[in-house]
Amino acid sequence: MTNPTGTQFYHNYPMGPQLRRWLGIQASAYSGDKKHNISGEEKKSFSEFLLAFIKENQLESESTLVNLMDELLAMDLPFLVLKIVDYNQEVWKKTDFRGLHAEGLAAMLSSELPRAEDCFVKAQAAAPLEPAPYVNLVRIYHYDKHWDDSLPWIDAGLKTNPNYFPLWELLLENVQAKFAEMKDILPVIKERAHSLHSWAGMSLFTDIDPLSNSQSKAAALEQFYNNGERDEAFLIEYTGALGAANQFATIPSIIWQAEKHDGKPSAWRLQLHKLQAHLALDQKEIFLSQVPSILKNPDLPAHIQTELTELFTEVQKEMPS
């Protein structure tokens, strides 16, 4: 392996473990994890250095290549993702979904749309159940205003992922490009939602239907709940709709039953909906008793944690001493 002059100057540049190993940066010397801001000049300098390194050093395995592609994409260096692929064609077999997806995203970000399209078509073939290739192919076709070309991919994507919101949003975008009036758009969305038995499709329909409101949305989703739908994403949507419709009384029991069935605490969004319901029902003691549990959830976003902590303090002050 050739190590161009300059590696020692990048021990403090944020990068993933695979790239550090490839560059020969020892763990004891690395301090990039402590650096949170990168200037444009630093990024340009590192990119030039790494491009030279890529040109002079061949990779020996596809797995290493794929890992490096992922890391470079996470570092917002899509041009170098494409370059590392170009200079390692001997090990790149173009069958690994993760690698194809990374190359496709890098090509999209670099405005190389034909290359991106080719990658996403191959990625879909490698993993037909993954929704991302469908979404990205449709976005490419919509960017070029090839509305008819995108429809088969929307249909195929919804058949494999009938409740994937981004695909429904792209279907709406497609239909809106063809029809100017809502009276022509609504039947298309509603028919597709019914044919696929999709709660996400019906949720979208109630969102765009001028005759719908929060109560009708909750009622539409209730039908899916009564028919046995218990997917976590659905419960988040359904309990959110119940809250918007001021139907708070049933939310805690819905979430409690889900936790009992799964044998584990629910997702933080569901826990948050339950807390909001208790507060709306003036069940302050229950609210206060359950806040500490959700605050321990490692997935809870920092801003939600801050807001919930402040709300907890406010409610505590309101309680009789």
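Sequence positions, counted from 1, serve as the residue numbers for this chain. On a predicted model such as this, the values are computed, not experimentally measured, just so you know. Below, each value reflects all heavy atoms present in this structure, side chains not excepted, and no hydrogens, waters or symmetry copies.
Inter-residue side-chain proximity for Gln271 and Ile255 is flagged as unmet; no heavy-atom pair is nearer than 4.5 Å. Looking only at side-chain heavy atoms (C-beta outward), Leu82 and Ser110 come within less than 4.5 Å of each other. At a threshold of 4.5 Å between non-hydrogen side-chain atoms, the residues Phe53 and Leu23 count as touching. Within the 4.5 Å cutoff, no side-chain heavy atoms of Val291 are placed close to those of Val315. Put simply, the side chain of Leu172 reaches to within 4.5 Å of the side chain of Gln176, judged on heavy atoms. Counting heavy atoms from C-beta outward, Tyr87 and Leu59 have side chains that stay 4.5 Å or more apart. Here the side chains of Val188 and Lys178 are not in contact, with every heavy-atom distance at 4.5 Å or above. Counting only heavy atoms from C-beta outward, the side chains of Asp149 and Asp144 never approach each other to under 4.5 Å.
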Steps toward side-chain contact (heavy atoms from CB on, under 4.5 Å) verdict (Gln290, Lys274): CA-CA 9 Å; Gln290 294 184 358; Lys274 182 168 63 171; 3.5 Å; yes
Give the C-alpha distance, both sets of side-chain angles, the deciding distance and a yes or no for side-chain contact (heavy atoms from CB on, under 4.5 Å) between Tyr164 and Leu158. CA-CA 7 Å; Tyr164 194 63; Leu158 285 174; 5.6 Å; no
Show your working on side-chain contact (heavy atoms from CB on, under 4.5 Å) between Trp153 and Ile140 and close with a plain yes or no. CA-CA 11 Å; Trp153 290 103; Ile140 291 171; over 6 Å; no
Can you check side-chain contact (heavy atoms from CB on, under 4.5 Å) on Ile154 and His142, steps first, answer last? CA-CA 11 Å; Ile154 294 174; His142 283 193; 4.2 Å; yes
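Atom CD of Gln26 sits in a sparse spot, with 12 or fewer heavy atoms from other residues, nucleotides or ligands closer than 6.0 Å. Summarising the local packing, NZ of Lys94 is surrounded by more than 12 heavy atoms from other residues, nucleotides or ligands at distances under 6.0 Å. Residue-environment remark: CD (Glu90) stays at or below the threshold of 12 foreign heavy atoms within 6.0 Å.
With rounding to the nearest 0.5 Å, the separation of OH in Tyr13 from CD1 in Ile25 is 11.5 Å. Considering CD of Gln257 and CD of Glu259, their distance stands at 11.0 Å, rounded to 0.5 Å. Note that CG of Asp209 is 10.5 Å distant from CG of Leu204, once rounded to the nearest 0.5 Å. Taking CD1 of Ile304 as the reference point, atom CG of Leu295 lies at 11.0 Å (rounded to 0.5 Å). Of the inter-residue distances, the one linking Gln283 atom CD with Glu285 atom CD reads 10.5 Å to the nearest 0.5 angstrom. Taking CD1 of Ile294 as the reference point, atom CG of Leu300 lies at 5.5 Å (rounded to 0.5 Å).
Neither side chain, Trp168 nor Ser203, offers a donor N or O lying under 3.5 Å from an acceptor on the other. A donor atom on one side chain and an acceptor atom on the other are found under 3.5 Å apart for Asn213 and Ser216.
Listed by first then second residue, pairs satisfying ring-ring contact (aromatic ring centres under 6.0 Å, His included) with a partner in residues 252-275 number zero, not counting sequence neighbours. Pairs of residues two or more places apart, or lying in two chains, that qualify as ring-ring contact (aromatic ring centres under 6.0 Å, His included) and include a residue from residues 170-202 are Phe165-Trp199, Trp199-Phe234. Contacts classified as salt bridge (Lys or Arg N to Asp or Glu O under 4.0 Å) and involving residues 218-242 (residues at least two apart or in different chains) are given here: Lys217-Glu237.
Taking every heavy atom of both residues into account, Gly243 and Ile251 meet most closely at N-CD1, 3.8 Å. Minimum heavy-atom separation, Met75 to Gly16: SD-N, 4.5 Å. Residues Val91 and Leu65 share a closest heavy-atom pair of CG2-CD2, 4.2 Å. Listed here is the closest heavy atom pair of Leu270 and Ser266: CB-OG, 3.7 Å. Contact between Gln215 and Ala245 at its shortest, heavy atoms only, is NE2-O, 3.5 Å. Between Gly99 and Asp96, the shortest heavy-atom distance links the atoms N-OD1, 2.8 Å.
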Side-chain donor-acceptor pairs under 3.5 Å in residues 306-313, sequence neighbours left out?
from: Thr306; atom 1: OG1; to: Ala302; atom 2: O; distance (Å): 3.1
from: Thr309; atom 1: OG1; to: Gln305; atom 2: O; distance (Å): 2.7
from: Thr313; atom 1: OG1; to: Thr309; atom 2: O; distance (Å): 3.0

Below 3.5 Å, can you tabulate the donor-acceptor pairs from side chains in residues 111-138 to any protein atom, sequence neighbours excluded?
from: Arg115; atom 1: NE; to: Glu103; atom 2: OE2; distance (Å): 2.9
from: Arg115; atom 1: NH1; to: Asp86; atom 2: OD1; distance (Å): 3.3
from: Arg115; atom 1: NH2; to: Asp86; atom 2: OD1; distance (Å): 3.1
from: Arg115; atom 1: NH2; to: Glu103; atom 2: OE2; distance (Å): 3.0
from: Glu117; atom 1: OE2; to: Tyr141; atom 2: OH; distance (Å): 2.7
from: Asp118; atom 1: OD1; to: Lys122; atom 2: NZ; distance (Å): 2.7
from: Asp118; atom 1: OD2; to: Lys122; atom 2: NZ; distance (Å): 2.8
from: Gln124; atom 1: NE2; to: Tyr134; atom 2: OH; distance (Å): 2.9
from: Tyr134; atom 1: OH; to: Pro128; atom 2: O; distance (Å): 2.7
from: Asn136; atom 1: ND2; to: Ala132; atom 2: O; distance (Å): 3.2

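In this structure a side-chain-to-backbone donor-acceptor pair under 3.5 Å is present from Asn174 to Trp147. When atom types are taken as modelled, the side chain of Asn227 and the backbone of Gln223 share a donor-acceptor pair closer than 3.5 angstrom. A donor-acceptor distance shorter than 3.5 angstrom exists from the side chain of Arg20 to the backbone of Met15, with no hydrogens or angles considered. Using a distance-only test at 3.5 Å, with no hydrogens or angles considered, no donor-acceptor pair links the side chain of Thr206 to the main chain of Ser212. Side-chain atoms of Asn297 come within 3.5 Å of backbone N or O of Asp299 as a donor-acceptor pair. A side-chain donor-acceptor contact under 3.5 Å links Glu62 to the backbone of Lys93. Gln18 places no side-chain N or O within 3.5 Å of a backbone atom of Asn67 that could act as its donor or acceptor partner.
Partner Lys44 forms a side chain to side chain donor-acceptor pair (under 3.5 Å) with one of Glu48, Glu42, Glu41 and no other, that one being Glu48.
Leu80 and Trp22 fall within a single hydrophobic cluster, where Ile, Leu, Val, Met, Phe, Trp and Tyr are joined by side-chain heavy atoms under 4.5 Å apart, directly or via other members. Cluster membership check: Leu105 shares its hydrophobic cluster with Val85, using side-chain heavy-atom separations under 4.5 Å among Ile, Leu, Val, Met, Phe, Trp and Tyr. Placement of Ile38 and Leu109 within a single hydrophobic cluster is found when ILVMFWY residues are connected by side-chain heavy-atom separations under 4.5 Å, directly or transitively. Met319 is not connected to Ile286 by any chain of hydrophobic side-chain contacts under 4.5 Å among Ile, Leu, Val, Met, Phe, Trp and Tyr, and they are in different clusters. The hydrophobic cluster containing Phe224 also contains Leu196, counting ILVMFWY residues as joined when their side-chain heavy atoms lie under 4.5 angstrom apart, directly or transitively.
Using a cut-off of 4.0 Å between Lys/Arg side-chain N and Asp/Glu carboxylate O, Lys43 and Asp76 are scored as salt-bridged.
Ring planes of Phe46 and Phe49: tilted class, angle from 30 to 60°.
When the side-chain hydrogen bond (donor to acceptor under 3.5 Å, both in side chains) test is applied to Ser45, the partners found at least two apart in sequence or on another chain are Tyr10.
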